[in-house]
Chemist: 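Structure in structure tokens, see below.
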Amino acid sequence: MQQAEMYAELRFAIEDLSLRGLFVAARWAAEQLNGFEEVYKLKGMAVSVRRKGFDTLNDTCSSNPSFMLAKSHFEFKEYGRASYALHGVPGPAAQFLRLYAAYLAGEKKKNQERMDQGGFLGANLQCVNPDLDELEICLEQISKDHAEEGLATDPFILYLHGLVLLERRQTQAATKMLVQSVNAYPCNWSAWQALRYLCNSLNAVQKLDLPNHWVRDFFLASVLLDLQQNQEAMGRLQRLSQMFPNSVYMESLVAQVHYNLQNYDEAQSLYEDILSKDPFRLEGMDVFSNILFVKEQAAALSQLAHRATATDKYSPEACCIVGNYFSLKAQHEKAVEYFQRALKLNPDYLAAWTLMGHEYMEMKNTSAAVEAYRRAVNLCPSDFRAWYGLGQAYELLKMPYYAIYYHRRATALRPTDARMWCALGQCYASDQVSLTDQAIRCYRRAVEYNDPDGIAAHALASLYESREEYDAAEQLYRYNLARLEAAGNPLGADAVEALIFLGNRCKETGRLHEALQVCERLMDVGGPAKERAKSLAREVNSLIRNHSAGIQAVANQVPLTHQASSSHLSSIGARGTNMLKGQPSFDDFNSRMEIAIEEGPCALPVDTTVDCERAASRELQSSDSRHKDHPLMDGLDDYSIMGVMEQLQVSRATAGELIRKAGGDPVRAISANMHLT
């Protein structure tokens with residue numbers, strides 16, 4: 001369809017929808033009409049395009065005095081009077097408006113009954129529209145009469161029938177009616193919105209027999225947005241923006257995509273541009289207030305709240321924005337009051353239910369929070385925030401298995417959100433559940449999706465540490481430390497825990513100088529962490545002194561003939577790993593030398609030198625095959641370097657060079673260069 005024809009179709013749709021009291025759909029059509037470029041507006045004015053069968057749809061009733069009176073009652077929300085005034089008025093528009101007014105009158109009674117029974121959080125889910133039975137009988141009779149006469153059923157009657165079936169929870173029948181309605185009259189956005197409520201998955205959408213019409217792209221983009229398929233939604237919106245470049249509604253959808261993707265700066269910029277074009281707009285501004293809340297921009301949120309209340313103080317959106325402002329100021333009771341006010345104005349306002357649940361959580365009123373979240377889930381099963389809130393509530397109630405169920409629902413709806421995976425991992429790792437493998441998988445997913453708070457990396461490192469997988473734990477602790485330093489929080493609680501682990505890990509793996517550096521960083525922290533750092537530093541310094549003394553003792557007592565290119569002797573500081581089936585090894589000799597240094601010469605057995613010579617001889621026989629892959633040829637051992645530095649009184653670089661010249665053997669390096677001292 002050419003854009004000029006699309007323009008003409010929208011122009012006639014506004015007329016049809018307004019006549020039938022479908023003001024939301026009419027406003028949507030008008031917004032898209034104004035989204036065209038000027039050149040197409042001029043061309044569209046000259047085109048007369050109406051869908052087949054609608055040429056004389058409004059001629060028979062629009063000028064009827066009773067219809068005009070009923071329409072006035074309808075606009076004042078006196079739905080019962082409007083329905084009564086239309087009895088006996090002929091024409092499809094009058095017939096639809098009479099039944100639609102009766103439906104809305106029943107909905108009004110239902111909301112009043114719900115408030116009388118239990119207020120916002122009472123047990124009032126059983127309230128139903130009292131006029132549904134009569135309406136369903138009447139609508140079925142109309143469809144039957146049209147079928148007998150061989151006429152197509154009015155698409156607006158099909159839409160209303162779908163609403164009634166939806167209210168009665170007959171979802172399959174409701175879906176069938178709504179699909180027929182949008183196929184017959186695609187520009188009724190209200191029918192698309194009702195159908196959108198029934199699409200809880202992409203599979204459900206693919207099964208629908210939808211018309212090949214440009215409005216379908218709007219519908220699919222909205223469904224993808226609801227299902228958190230944000231990249232796919234953005235692709236469709238970009239294509240639509242080429243047809244409607246000036247559509248404010250289109251821009252608001254793009255802003256919501258950025259909000260879902262947590263691109264808050266881009267979303268804020270778009271909403272500010274929307275307000276510059278439409279300064280009295282309230283639709284979608286509750287999402288804008290959420291962005292300002294997350295960014296903690298109290299001044300901007302206050303300004304938005306003043307703007308909204310000045311526009312329409314008693315609109316649900318304005319109340320929600322003011323509630324967000326009081327929540328940011330930690331005035332949670334006032335915030336709840338405004339969210340309740342929003343729900344009085346619109347009981348089906350999803351954002352208010354979810355945000356009120358958050359406020360009850362802040363007030364530690366868990367039971368009220370659970371009820372609020374359940375209302376949100378009943379209104380929109382694809383709202384991941386409500387599922388996530390239920391999971392958090394049951395965590396506080398110490399019911400982790402319930403929490404796992406709700407967090408799994410949240411992760412299914414929001415699989416790329418690290419916060420959902422962190423919450424699920426925390427439940428699996430709790431003492432009551434203790435499913436460590438599942439917790440690790442969840443935290444890994446959170447790290448993959450760039451957890452902004454760093455919760456996943458630290459928790460995952462702690463789990464690896466508890467399982468003695470120290471290499472993986474060290475890698476994650478280092479990653480988290482780098483993230484904390486970049487964020488300007490190098491000595492927080494997580495950083496201190498990571499540094500303590502790294503200090504002990506470096507000591508156990510022989511990286512003594514690095515362990516001392518970690519201890520120096522911990523000295524800036526007060527309390528127990530500083531004392532642990534001091535204790536660790538004393539242990540490391542003691543190891544450094546003992547290994548240096550061991551190298552000196554070996555240099556003085558081991559004959560040079562046994563110090564040749566033994567690669568094992570180069571790692572002279574390592575203990576307890578080279579015992580040769582009960583025979584004395586060089587490390588065993590090193591341990592004996594340390595005892596001798598501490599207790600005096602008399603503590604050294606007579607056969608120590610002989611044992612050492614035998615061990616060195618055994619090592620010498622196998623040294624040729626190992627010398628090629630000697631680790632000191634790539635990175636010299638700290639113990640060996642420190643021993644040579646102390647014995648020969650040379651710099652670290654010189655000590656390393658001498659050891660390399662001696663084939664990686666520190667003992668040979670000392671013996672061959674004693675003249676330097």
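Here the structure is a predicted model, which means the values were calculated and not measured.
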Chemist: Evaluate the side-chain proximity of Ile274 to Phe288: yes if any heavy-atom separation is below 4.5 Å, no if none is.
Modeler: no
Chemist: Would you kindly say whether His213 and Glu9 are connected by a side-chain donor-acceptor distance under 3.5 Å?
Modeler: yes
Chemist: Please enumerate all residues that pass ring pair (Phe, Tyr, Trp, His ring centres under 6.0 Å) together with Phe218, with sequence neighbours excluded.
Modeler: Trp28, Phe244
Chemist: Using distance alone, with no hydrogens and no angle criterion, decide if Gln256 and Asn260 have a side-chain donor and acceptor under 3.5 Å apart.
Modeler: no
Chemist: Could you check whether atom CD of Glu148 has more than 12 heavy atoms from other residues, nucleotides or ligands sitting under 6.0 Å from it?
Modeler: yes
Chemist: Check whether Trp353 reaches the backbone of Leu343 with its side chain - one donor and one acceptor, N or O, closer than 3.5 Å.
Modeler: no
Chemist: With a cut-off of 6.0 Å (strictly less than), are more than 12 heavy atoms of other residues, nucleotides or ligands near OH of Tyr314?
Modeler: no
Chemist: Does any donor atom in the side chain of Arg11 or Tyr7 lie under 3.5 Å from an acceptor atom in the other side chain?
Modeler: no
Chemist: Would you compute the distance between atom OH of Tyr338 and atom SG of Cys320 and round it to the nearest 0.5 angstrom?
Modeler: 13.0 Å
Chemist: Measuring centre to centre across the rings, with the benzene-like ring taken for any Trp, is Phe384 within less than 6.0 Å of Tyr388?
Modeler: no
Chemist: Grab the two heavy atoms, one from Ala85 and one from Ser66, that are nearest each other, plus how far apart they are.
Modeler: O-CB, 3.9 Å
Chemist: OH of Tyr449: more than 12 outside heavy atoms within 6.0 angstrom?
Modeler: yes
Chemist: Charged N to carboxylate O under 4.0 angstrom, Arg239 versus Asp217?
Modeler: no
Chemist: Kindly indicate, with the supporting measurements, whether the criterion side chain to side chain donor-acceptor pair (under 3.5 Å) is fulfilled by Gln193 and Arg196.
Modeler: CA-CA 5 Å; Gln193 288 290 80; Arg196 172 181 166 187; 2.8 Å; yes
Chemist: Is there a side chain to side chain contact (heavy atoms under 4.5 Å, CB included) between Phe219 and Val182 once you walk through the steps?
Modeler: CA-CA 11 Å; Phe219 168 74; Val182 296; over 6 Å; no
Chemist: Check for a donor-acceptor pair, side chain of Ser181 on one end and backbone N or O of Met177 on the other, with a separation under 3.5 Å.
Modeler: no
Chemist: Going by an N to O cut-off under 4.0 Å, is there a salt bridge joining Glu371 and Arg375?
Modeler: yes
Chemist: Taking atom CG of Leu135 and atom CG of Leu165, what is their separation to the nearest 0.5 Å?
Modeler: 11.0 Å
Chemist: Are any of the side-chain nitrogens in Asp133 or Arg168 under 4.0 Å away from the carboxylate oxygens of its partner?
Modeler: yes
Chemist: Taking atom types as modelled and ignoring hydrogens, do the side chains of Gln268 and Glu272 form a donor-acceptor contact shorter than 3.5 angstrom?
Modeler: yes
Chemist: Within the distance-only criterion (no hydrogens, no angle test), does the side chain of Ser327 pair as donor or acceptor with the backbone N or O of Gly323 below 3.5 angstrom?
Modeler: no
Chemist: Taking only Lys NZ, Arg NE, NH1 and NH2, and the carboxylate oxygens of Asp or Glu, determine whether Lys334 and Glu337 approach each other closer than 4.0 Å.
Modeler: no
Chemist: Asp145 and Gln141: side chain to side chain donor-acceptor pair (under 3.5 Å), yes or no, with the steps?
Modeler: CA-CA 6 Å; Asp145 292 343; Gln141 185 61 44; 2.9 Å; yes
Chemist: Do the side chain of Asn129 and the main chain of Tyr103 share a donor and acceptor less than 3.5 angstrom apart?
Modeler: yes
Chemist: Have Asn290 and Asn324 got a donor and an acceptor in their side chains that come within less than 3.5 Å?
Modeler: yes
Chemist: May I ask you to decide if the ring planes of Phe96 and Tyr100 are parallel, tilted or perpendicular, using 30° and 60° as cut-offs?
Modeler: parallel
Chemist: List for me each residue that meets salt bridge (charged side-chain N to carboxylate O under 4.0 Å, His left out) alongside Glu283, sequence neighbours excluded, and say none if there are none.
Modeler: Arg27, Arg281
